[in-house]
Amino acid sequence: MKALILVGGYGTRLRPLTLSYPKPLVEFCNKPMILHQIEALVEVGVKHVILAVSYQKDMFDILIEKQLKEVEDKLNIKISLSIENEPMGTAGPIALARDLLLQDTTDDDTFFVLNSDIICDFPFKKMIEFHKTHGKEGTIVVTKVTEPAKYGVVVFDSMGKIESFIEKPKVYVSNKINAGMYIFKMSIIDKIPLRPTSIEKDTFPLIVQEENLYALELKGYWMDVGQPEDFLVGIDLYLNSLKNKNNLAVPNFNNDIKIIGNVLIDSTAKIGDHCQIGPNVTIGSNVTIKNGVCLKNCAILSDTTIECHTWIDKCIIGWNCFVGKWVRMENTCVLGQDVSVKDELYINGAKVLPHKSLTSSITEPKIIM
Ligand code: GDD
Ligand code: MG
């Protein structure tokens, strides 16, 4: 079976991280977002993954040569890029990848399509089963959320047949939303024009009208991690799920470190004495955390250094940053790649663009350009 992952999009809501890397390649819990998905697809027998790329194409070319080649070999699958000259939206890429999707189709007439920024216990096996049971053109996964207006809202009957799909509704319709995972029959390709097209606004309403789209309700956690607040909540949900499955190793250090709750620390990271790490902290490769640092609810991406006695809560610290001593940082700060923060500053809710140096405190949330 094949899967097409939508990896275009500008990822504006995850800036400044997405100024350096496309959103699907940003590490969520120490692994590029799409790798979480690819690994789960492989588990249900997907052999060919097509990445629908529009933004930062060069980055994917580099990655294909390095990291993705490794993934191909390790997982014994094929990964192809389907490159857009202009952003084709969320359905156009399916039409563009027509030849790749139809290539070597022998026994299966269906394929997966995924948004690249969602995290959950991927229900791919259940999707295949449910899709077979109803036998119609498409299956989409739905989940319950508290803020449905941010998503595509789905209304369906007791059998799962979708009656309406409304993308980002202005008035309340339902709290069941599109979780961004689909299975389609190949026949859907003929219903999508080869131009920028929205699956949510153009394709779904059409196949809903034909009574051809069914909803499968997701059990368990789900999060679109495409914006900083949700990315941080996603870490909590993901680590908790790993822990419940006994897949979260408790880190073992020789020195005096206090670990609180769930944490994920790369084996190459160095942590100093008397640090307090957790809950809900991820620390990437080659990160150095000096003595006496306190980290809660945050992601520290690779190659970053945090100096002594700094305190960070609810922040994402990008790649290759340097945060000085006695810094206090909170309230969903996001540091882009290669940002430095001088000693003793207070940073409140700042989004800091790549390569900046902060030399004075930021007391109110703002963007530092
Ligand atoms: N190839 C390609 N080309 N991919 C694109 C393009 C494009 O022009 N535009 C967006 N994408 C990709 C994004 O990278 C992402 O993986 C996916 O399409 C969805 O785009 P988002 O920008 O993340 O959309 P959203 O989060 O506002 O809404 C979507 O996801 C929700 C669930 O998280 C919709 O599908 C909603 O209906 C859904 O509820
Ligand atoms: Mg999204």
Practice item. Run the ring-centre check on Phe112 versus Phe124 and record whether the distance is less than 6.0 Å. Key: yes
Practice item. May I ask you to check whether Tyr182 and Phe204 place their ring centers less than 6.0 Å from one another? Key: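 Centroid distance Tyr182-Phe204: below 6.0 Å, so yes.
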Point to revise | Sidechain N-carboxylate O distance under 4.0 Å for Lys74, Glu72 | key: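 Not counted as a salt bridge, because no side-chain N and carboxylate O are separated by less than 4.0 Å.
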Practice item. Answer yes when Lys325 and Glu344 have at least one side-chain N-carboxylate O distance shorter than 4.0 Å, and no when they do not. Key: no
Review point. So Thr143 and Glu217, side-chain hydrogen bond (donor to acceptor under 3.5 Å, both in side chains) or not? Walk me through it.
Key: CA-CA 6 Å; Thr143 186; Glu217 277 197 70; over 6 Å; no
How about [X] and [Y]: do any of their side-chain heavy atoms sit closer than 4.5 Å?
| X | Y | answer |
| --- | --- | --- |
| Val287 | Lys270 | no |
| Met329 | Thr310 | no |
| Val142 | Leu216 | no |
| Ile38 | Ile77 | yes |

**Study point:** Given Lys185, Glu129, Lys126, His134, the one that forms side chain to side chain donor-acceptor pair (under 3.5 Å) with Thr139
**Key:**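 Of all the options given, the one that passes is His134.
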Point to revise | Passing option when Asp313 is tested against Asn331, Thr332, Asn297 for side chain to side chain donor-acceptor pair (under 3.5 Å) | key: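 When side chain to side chain donor-acceptor pair (under 3.5 Å) is applied between Asp313 and each of Asn331, Thr332, Asn297, only Asn297 qualifies.
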Are [X] and [Y] close enough that a side-chain donor and a side-chain acceptor fall under 3.5 Å?
| X | Y | answer |
| --- | --- | --- |
| Thr268 | Ser285 | no |
| Ser187 | Glu137 | yes |
| Asp256 | His274 | yes |
| Ser54 | Glu86 | no |

Check your understanding: Can you check whether Ile283's main-chain N or O pairs, donor with acceptor, with Asn30's side chain at less than 3.5 Å?
Key -> yes
Review point. Passes salt bridge (charged side-chain N to carboxylate O under 4.0 Å, His left out), Lys161 versus Glu211? Steps please.
Key: CA-CA 7 Å; Lys161 188 173 82 187; Glu211 304 191 348; 3.4 Å; yes
Check your understanding: For His48 and Ser80, what are the C-alpha separation, side-chain angles and deciding distance, and is it a side-chain hydrogen bond (donor to acceptor under 3.5 Å, both in side chains)?
Key -> CA-CA 8 Å; His48 185 179; Ser80 311; 2.6 Å; yes
Review point. Hey, quick one: are Ile128 and Ile50 part of the same hydrophobic cluster, counting side-chain heavy atoms closer than 4.5 Å, chains of contacts allowed?
Key: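 Each belongs to a different hydrophobic cluster.
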Check your understanding: For Trp222, which of Tyr151, Tyr238, Phe122 qualifies under ring-ring contact (aromatic ring centres under 6.0 Å, His included)?
Key -> Tyr151
